Amino acid sequence: MFSTASAVIFKSAIGLLVNKDADAEQANLQENDVPDPEFRNLVERKLSQAESEMSEREDLRKSIGHFSKGVLLFFTLFDKKRYVVESDEDSSPPISEKPVEMPCGEGKALLSSPSPTERLKNLKLVESEECKLAFLDAKAELKKAYLTATEAFNNEDLRLSDRIQAMAIRVAATTLEKIEYPEDALAPCMLYLEELHSMPGVQNSFARGLVLHKIAAKLRGKNLMDSSSRWRAAQRMTTKDLPSGKDPLSLLDPSKKVEYLVAFSRVCHVNRVLYDVVQTLGRANLLMTWPYVNTKRNRALRVEERVDPLRDSRVANVLRDLRMEHCCVRPWSFGQEGEEYNKLKDPRGIVASTDGKFIIADRGDHNVKVFDRCGKFEYSFTPLPVDKHTNIEVCDLAIDRNDCLYVLVRVGDSAEAEENRVCLFERSGRKYHFLLRKGFYGCNLTVNANKNVLVTDSRQTIEVYKPDGQLIRSIGAGTLKTKVFVIAAANDGRVMVLNKHDSDIQVFGEQGDLINNFSVEGSYHTHDHYPRISFHPASGHLIVAGFEKKKFRLDMLIYTKNGEFVRRIQYGEEKIGSIQGITVTPEGRFAAIVLQLDSERRVQSKVLVV
């Protein structure tokens with residue numbers, strides 16, 4: 001009837017109503033399997049509790065009642081005895097999923113087994129008349145729950161918390177009603193998120209919630225015994241956040257604080273559940289256009305920006321204080337674990353393969369390092385043979401949609417002669433390389449959808465080569481700004497160029513004509529720190545990773561390929577020194593090479609996945 005990926009989606013959806021309070025409840029829900037009686041008893045108890053909490057709201061109580069009936073009917077579909085594995089005549093993986101050897105990889109594979117989502121699709125539920133009837137009855141109850149919740153959500157006289165609860169029911173009911181073909185639920189649920197985020201009460205809750213956390217963080221640990229001292233400290237610490245004359249402690253009224261933070265956390269919970277569904281279905285491209293919360297309505301707080309409810313570190317900080325950290329997407333890092341030789345020394349470029357492996361050019365060790373999708377070191381290889389008379393510098397790398405790897409290498413000999421090469425490693429294991437034009441000092445490269453290789457030098461030139469090394473054309477003559485720094489290729493042939501001395505991005509057509517120019521939001525250029533860019537073909541968006549030096553903060557800015565600003569995602573959990581590269585994972589997350597300062601201000605390189 002439908003894959004057991006549905007079991008994952010089932011748990012996520014019902015978690016919206018039975019799991020609103022803390023990380024401990026989330027863990028309790030996830031520890032149990034759907035068919036287990038213990039899990040069913042837990043869900044029944046929680047849904048009954050949620051229904052009783054709505055005793056004063058007849059419409060919401062009725063909606064949860066219909067939802068509960070639908071969920072209980074679903075339990076008949078998740079009997080352990082009904083799980084079987086579908087077997088095909090040929091059980092070997094498709095060609096695209098077979099391991100492929102990489103040169104100098106000591107038998108390791110760049111591409112490996114199918115993703116968890118693909119493996120889930122091999123498990124099916126046995127169909128029976130009982131299942132079909134239960135499924136139809138469940139869908140009917142969920143439809144009633146959705147309609148009743150929609151009517152409640154559209155009632156603007158309801159309290160904000162009740163309307164958010166109504167939206168949670170709508171999302172959960174829609175997701176479960178379409179569980180047989182769960183991708184059909186994504187488009188309507190994205191629209192529900194936009195409706196939710198556009199509510200003035202939600203926008204105010206986010207604006208005030210972020211400011212409340214900022215105040216609390218500054219006051220935390222200070223022993224302010226009397227109200228006058230408390231007032232003076234809060235006033236002094238929040239002059240940037242509040243207009244003059246406004247009492248900052250009015251924000252700290254307990255009842256108001258609870259109201260804002262409850263709304264804040266529940267909106268984040270709805271977002272996290274939909275994120276889990278999207279990841280289960282392998283639709284990571286939706287993460288680039290995820291509905292944001294625009295705090296523009298709270299102008300009294302001088303806060304006006306587009307907040308990402310999933311990945312912004314300020315949101316994560318608020319949720320952590322509320323013990324709701326499971327509602328955000330946690331960042332993680334790698335690159336300094338294990339043996340010394342496996343650690344990153346001076347990384348200069350990063351890409352992600354289609355199966356999520358991280359491939360990094362490490363100039364410090366003169367090699368390319370490969371890490372699995374969890375950040376565990378697998379192997380390294382040298383792009384070209386070296387001896388005592390030859391040395392190489394690995395400058396940058398790129399990867400195409402077929403997982404062919406391109407590595408830019410500078411080769412020197414004992415006579416101090418230098419040449420620049422691009423080394424190609426295909427999935428089949430074939431390896432070859434070509435020379436760049438003599439005198440061309442390659443610094444950065446990318447590859448476009450036609451597999452043409454674009455290489456910059458340190459001056460005003462971008463050269464385009466075919467994979468066999470034939471020079472096609474040069475780009476930017478007379479129009480390219482001085483000091484080209486980094487480039488990215490869009491999926492329609494456009495070339496995006498970031499200049500070293502300003503925040504402008506020049507956009508060239510495939511034939512080299514200048515077609516657009518736009519400025520990056522904010523200021524991220526200093527004398528020794530510059531942004532990095534990467535293009536995400538699946539979503540058609542450009543990502544700019546900028547370093548906010550005064551705040552040691554990493555900002556991810558998303559643009560359309562036409563230069564329209566989409567949003568900014570802030571990451572300020574750790575002290576970041578600079579950025580050396582950026583890519584996007586198959587899950588739609590950003591992976592940035594950063595230099596981090598430790599407590600003794602020593603610099604370490606690592607990859608931060610946000």
Side-chain angles (χ1 to χ4, degrees), residues 9 12-17 20 50 54 57 59-60 62-64 66-67 142-179 182-210 259-278 281 283 285-298 303-312 315 319 327-329 539 558 566-567:
I9 296 171
S12 296
I14 62 176
L16 269 174
L17 302 185
K20 299 179 294 184
M54 293 291 112
R57 292 294 328 159
D59 45 4
L60 291 179
K62 192 175 179 181
S63 181
I64 295 175
H66 288 304
F67 183 84
L142 292 168
K143 186 67 173 180
K144 293 176 184 177
Y146 164 79
L147 293 173
T148 309
T150 300
E151 186 178 349
F153 177 79
N154 292 331
N155 183 358
E156 296 185 1
D157 293 331
L158 285 186
R159 293 181 305 175
L160 177 62
S161 58
D162 288 338
R163 294 186 70 193
I164 295 173
Q165 177 74 340
M167 179 57 80
I169 298 171
R170 290 177 73 191
V171 170
T174 300
T175 303
L176 293 188
E177 186 190 357
K178 299 182 182 298
I179 199 168
E183 286 210 10
D184 292 348
L186 295 182
C189 284
M190 290 297 110
L191 290 176
Y192 301 160
L193 274 189
E194 291 180 5
E195 284 186 75
L196 180 63
H197 294 175
S198 65
M199 294 171 62
V202 169
Q203 294 174 344
N204 287 340
S205 294
F206 267 71
R208 292 176 181 270
L210 296 180
E259 179 185 342
Y260 295 140
L261 296 183
V262 165
F264 188 102
S265 62
R266 290 188 177 177
V267 169
C268 290
H269 191 196
V270 175
N271 278 268
R272 178 58 201 242
V273 166
L274 282 178
Y275 169 82
D276 291 338
V277 172
V278 164
L281 298 175
R283 292 291 305 278
N285 59 303
L286 292 176
L287 205 54
M288 291 296 169
T289 54
W290 199 269
Y292 52 79
V293 179
N294 195 330
T295 61
K296 64 182 180 180
R297 292 186 178 272
N298 205 345
V303 179
E304 185 173 350
E305 60 181 309
R306 301 169 181 180
V307 179
D308 188 305
L310 287 172
R311 293 181 287 181
D312 195 300
V315 173
L319 293 173
C327 293
C328 65
V329 179
S539 65
I558 304 176
V566 178
R567 81 184 65 186

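Just so you know, these numbers come straight off a predicted model, no measurement behind them.
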Least distance between heavy atoms, [X] atom then [Y] atom:
{"X": "Val273", "Y": "Ser12", "answer": "CG1-O, 3.4 Å"}
{"X": "Pro291", "Y": "Pro309", "answer": "O-CD, 3.9 Å"}
{"X": "Ala145", "Y": "Ala173", "answer": "CB-CB, 4.3 Å"}
{"X": "Val270", "Y": "Leu16", "answer": "CA-CD2, 3.6 Å"}
{"X": "Cys327", "Y": "Leu310", "answer": "O-CD2, 4.4 Å"}

Distance in Å, [X] [atom1] paired with [Y] [atom2], rounded so as to fall on 0.5 Å steps:
{"X": "Asn155", "Y": "Glu151", "atom1": "CG", "atom2": "CD", "value": "8.5 Å"}
{"X": "Glu183", "Y": "Arg283", "atom1": "CD", "atom2": "CZ", "value": "5.0 Å"}
{"X": "Asn271", "Y": "Tyr292", "atom1": "CG", "atom2": "OH", "value": "14.0 Å"}
{"X": "Lys143", "Y": "Leu176", "atom1": "NZ", "atom2": "CG", "value": "13.5 Å"}
{"X": "Ile169", "Y": "Tyr146", "atom1": "CD1", "atom2": "OH", "value": "13.0 Å"}
{"X": "Asn204", "Y": "Leu160", "atom1": "CG", "atom2": "CG", "value": "9.0 Å"}

Do [X] and [Y] have side chains that approach each other closer than 4.5 Å (heavy atoms only, starting at C-beta)?
{"X": "Phe206", "Y": "Val202", "result": "yes"}
{"X": "Val293", "Y": "Val315", "result": "no"}
{"X": "Val329", "Y": "Arg272", "result": "yes"}
{"X": "Val267", "Y": "Met199", "result": "no"}
{"X": "Arg163", "Y": "Glu156", "result": "yes"}
{"X": "Phe153", "Y": "Leu158", "result": "no"}

Backbone of [Y] reached by a side-chain donor or acceptor of [X] within 3.5 Å:
{"X": "Arg266", "Y": "Gln165", "value": "no"}
{"X": "Ser265", "Y": "Val262", "value": "yes"}
{"X": "Thr295", "Y": "Glu305", "value": "yes"}

Could you please spell out the steps behind the side chain to side chain contact (heavy atoms under 4.5 Å, CB included) verdict for Leu281 and Ile9?
CA-CA 9 Å; Leu281 298 175; Ile9 296 171; 4.0 Å; yes
Side chain to side chain contact (heavy atoms under 4.5 Å, CB included) between Met54 and Asp59, worked out
CA-CA 9 Å; Met54 293 291 112; Asp59 45 4; over 6 Å; no
Quick one: list whatever passes salt bridge (charged side-chain N to carboxylate O under 4.0 Å, His left out) with Arg170, sequence neighbours left out.
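Counting only residues at least two positions away or on another chain, Arg170 forms a salt bridge (charged side-chain N to carboxylate O under 4.0 Å, His left out) with Glu195.
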Got more than 12 heavy atoms from elsewhere within 6.0 Å of CD, Glu194?
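Yes, CD of Glu194 has more than 12 neighbouring heavy atoms, counting only those of other groups under 6.0 Å.
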Assess the residue pair Thr289 and Met190 against the criterion (side chain to side chain contact (heavy atoms under 4.5 Å, CB included)); give the C-alpha distance rounded to whole Å, side-chain angles, the decisive distance to 0.1 Å, and a yes or no.
CA-CA 10 Å; Thr289 54; Met190 290 297 110; over 6 Å; no
Evaluate side chain to side chain contact (heavy atoms under 4.5 Å, CB included) for Tyr275 paired with Arg311, printing each intermediate quantity in order.
CA-CA 11 Å; Tyr275 169 82; Arg311 293 181 287 181; over 6 Å; no
